[in-house]
K.L.:
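Below: one structure in structure tokens.
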Amino acid sequence: MTWDRAFQQENYRVYAEGEPIEGVLAIQRARRPDRPNIIALHAANAEAAGALSGILPKGFTLMHLTEEFPLAILEPRASEFHPRPAWLFRLDAKDFVDHPSPQIRPLEPSWAGLVAGLWEPEWPAEGYVRRRIENGPTAAIYEDGGPIAWALTHMVTDRVGIIGMVHVLEGFRRKGLARAVVAAVSRQLFRSGKVPALHAYVDNLASLSLFPTMGFCRVRRQVWGEAVFR
């Protein structure tokens with residue numbers, strides 16, 4: 001995620017610490033009062049994380065940390081702090097347990113509002129979701145003209161594709177649809193030479209149980225979350 005922000009996203013400013021580099025902080029500052037700042041932090045040690053924490057943007061901020069230890073450094077700088085630890089998974093081709101389905105189709109951009117409302121109902125995510133549908137691999141299963149299950153990607157780099165926004169509507173769960181859409185996106189990533197990866201929050205027991213059955217293995221715990229930095 002930090003690599004993507006540093007090298008693929010033009011609207012991020014990137015700061016490095018150390019020589020050789022021991023930490024990187026990518027910041028997208030809010031352009032409007034009703035929008036959040038966004039940061040991605042990778043640090044090899046507490047010293048690098050501490051140095052970079054001095055340039056955190058003030059105000060409401062969405063954050064991604066590649067390690068958990070910077071939490072103790074960032075929290076004292078916030079008036080509100082709501083981290084959500086998550087396991088990072090990766091899928092190697094040799095471990096892939098495929099779940100092909102003849103029902104799989106691409107997700108149409110016209111359904112971005114539905115996906116956004118179920119994924120992040122508290123902030124205007126429709127534009128972001130539409131861009132991900134238009135610029136990354138997707139998979140969906142439809143019934144009566146509308147999608148009932150889908151998977152997208154949050155980003156695709158030269159090496160990795162981060163799968164996300166996986167969802168199955170209530171009433172259609174426990175039928176293997178989540179496996180089918182995640183497998184379909186994984187196949188597309190493998191065909192383009194990328195390693196499929198994804199995150200599952202530590203309290204999402206269903207996802208933590210699901211992904212290993214497809215061959216995904218745990219890499220490390222990372223952190224997503226929200227904060228209001230002073």
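Along the sequence shown, residues carry numbers from 1. On a predicted model such as this, the values are computed, not experimentally measured, just so you know.
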K.L.:
Can you get from Val24 to Leu74 by hopping between Ile, Leu, Val, Met, Phe, Trp and Tyr side chains that sit under 4.5 Å apart?
P.N.:
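No, no single cluster joins them.
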K.L.:
Counting N and O atoms only, with roles assigned by atom type, does the side chain of Asp92 sit under 3.5 Å from a partner on the main chain of Lys94, one being a donor and the other an acceptor?
P.N.:
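No; zero donor-acceptor contacts below 3.5 Å.
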K.L.:
Do the side chains of Asn11 and Arg31 get nearer than 4.5 Å, heavy atoms only?
P.N.:
yes
K.L.:
Shortest non-hydrogen contact from Pro196 to Ile163?
P.N.:
CB-CD1, 4.1 Å
K.L.:
Report yes if the distance between the aromatic ring centroids of His64 and His154 is under 6.0 Å, otherwise no.
P.N.:
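No.
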K.L.:
Using the rule that Ile, Leu, Val, Met, Phe, Trp and Tyr join whenever any side-chain heavy atoms are under 4.5 Å apart, tell me whether Trp87 and Phe211 fall into a single cluster.
P.N.:
yes
K.L.:
For residues Phe89 and Ala200, report the shortest heavy-atom separation together with the two atoms involved.
P.N.:
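That would be CE1-CB, 4.0 Å.
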K.L.:
Within a strict 4.5 Å, meaning less than it, do heavy atoms of the Gln8 and Trp3 side chains meet?
P.N.:
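Contact flag for Gln8/Trp3 side chains = yes.
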K.L.:
Of Trp150, Tyr128, Trp111, which is the lone residue that meets ring-ring contact (aromatic ring centres under 6.0 Å, His included) with Trp119?
P.N.:
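The passing option is Tyr128.
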K.L.:
Quick one, Phe7 with Thr157, criterion side chain to side chain contact (heavy atoms under 4.5 Å, CB included). Give me CA distance, side-chain angles, the key distance, then yes/no.
P.N.:
CA-CA 9 Å; Phe7 297 106; Thr157 74; over 6 Å; no
K.L.:
Would you check if Arg173 and His167 make a side-chain contact, meaning some heavy-atom pair closer than 4.5 Å?
P.N.:
yes
K.L.:
If only atom types and distance count, is the side chain of Ser101 paired as donor or acceptor with the main-chain N or O of Ala180 below 3.5 Å?
P.N.:
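Such a contact is absent between Ser101 side chain and Ala180 backbone.
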K.L.:
For a quick test of reading the model, state the closest non-hydrogen atom pair linking Ile162 to Val160 and the distance between them.
P.N.:
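Taking Ile162 first and Val160 second, the nearest heavy atoms are CD1-CG1, 3.9 Å.
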K.L.:
Taking C-beta and beyond as the side chain, do Ile104 and Val181 meet within less than 4.5 Å on heavy atoms?
P.N.:
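The answer is yes, as the side chains (C-beta and beyond) meet within the 4.5 Å cut-off.
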K.L.:
What's the shortest heavy-atom distance between Ala183 and His99, and which atoms?
P.N.:
CB-N, 3.7 Å
K.L.:
Has Arg221 got a side-chain atom pairing as donor or acceptor with Ala86's backbone, closer than 3.5 angstrom?
P.N.:
no
K.L.:
Side chains of Asp203 and Arg84, heavy atoms from C-beta outward: is any pair under 4.5 Å?
P.N.:
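Yes, close enough: below the 4.5 Å cut-off.
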K.L.:
For Gly161 versus Lys194, what's the shortest heavy-atom pair and its separation?
P.N.:
N-CB, 4.2 Å
K.L.:
Would you call Ile148 and Val168 a side-chain contact if the rule is heavy atoms closer than 4.5 Å?
P.N.:
no
K.L.:
Looking at Gly136, is its backbone amide N or carbonyl O close enough to the side chain of Thr138 to form a donor-acceptor pair, meaning the two atoms are under 3.5 Å apart?
P.N.:
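Looks like no, no N/O pair under 3.5 Å.
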K.L.:
Working to the nearest 0.5 Å, report the span between CZ of Phe229 and CG of Leu56.
P.N.:
5.0 Å
K.L.:
Would you check if Gln9 and Gln28 make a side-chain contact, meaning some heavy-atom pair closer than 4.5 Å?
P.N.:
no
K.L.:
Under 4.5 Å between side-chain heavy atoms, hopping through other hydrophobics if needed: is there a path connecting Ile55 to Leu41?
P.N.:
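Yes, Ile55 connects to Leu41 through the hydrophobic network.
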K.L.:
I would like to know whether Arg159 and Val195 meet side chain to side chain contact (heavy atoms under 4.5 Å, CB included); could you show each step before the answer?
P.N.:
CA-CA 6 Å; Arg159 299 181 181 182; Val195 176; 5.8 Å; no
K.L.:
Give a yes or no answer on whether the side chain of Asn37 reaches the backbone of Ile27 with a donor-acceptor pair at less than 3.5 Å.
P.N.:
no
K.L.:
Measure the spacing between CG of Leu88 and CD of Glu67 and express it to the nearest 0.5 Å.
P.N.:
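Spacing of CG (Leu88) from CD (Glu67) equals 10.0 Å.
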K.L.:
So, for Arg179 and Met214, which heavy atoms are closest and what is the spacing to 0.1 Å?
P.N.:
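It is O-CE, 3.4 Å.
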K.L.:
Could you see if Val129 belongs to whatever hydrophobic cluster contains Leu114? Use Ile, Leu, Val, Met, Phe, Trp, Tyr and a side-chain cutoff under 4.5 Å.
P.N.:
yes
K.L.:
Give the intermediate values and the outcome of side chain to side chain contact (heavy atoms under 4.5 Å, CB included) for residues Arg5 and Ile39.
P.N.:
CA-CA 9 Å; Arg5 280 26 175 177; Ile39 67 167; over 6 Å; no
K.L.:
CG of Leu210 to CZ of Phe216: how many Å apart, nearest 0.5 Å?
P.N.:
9.0 Å
K.L.:
I'd like to check Phe190 versus Leu91 (side-chain heavy atoms, cut-off strictly below 4.5 Å). Are they in contact?
P.N.:
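Counting from C-beta outward, Phe190 and Leu91 do come under 4.5 Å.
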K.L.:
Working to the nearest 0.5 angstrom, can you tell me the gap between Arg132 CZ and Met165 CE?
P.N.:
7.0 Å
K.L.:
CD/Glu75 to CD/Glu80 distance, rounded to the nearest 0.5 angstrom?
P.N.:
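These two atoms lie 12.0 Å from each other.
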K.L.:
If you count every heavy atom of other residues, nucleotides or ligands that lies below 6.0 Å from Arg13 atom CZ, does the total exceed 12?
P.N.:
no
K.L.:
Atom CD1 in Ile141, atom NZ in Lys175: separation rounded to 0.5 Å?
P.N.:
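The NZ atom of Lys175 is 11.0 Å from CD1 of Ile141, to the nearest 0.5 Å.
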K.L.:
Tell me if a side-chain donor or acceptor on Glu17 pairs with a main-chain N or O of Ala49 at a distance below 3.5 Å.
P.N.:
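Here the side-chain-to-backbone pair does not exist.
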K.L.:
Check the pair Glu108 / Tyr142 against side chain to side chain contact (heavy atoms under 4.5 Å, CB included), numbers first and verdict last.
P.N.:
CA-CA 11 Å; Glu108 298 295 332; Tyr142 291 78; 3.6 Å; yes
K.L.:
Do you reckon Leu65 sits in the same ILVMFWY cluster as Met155, going by side-chain contacts under 4.5 Å, direct or chained?
P.N.:
no
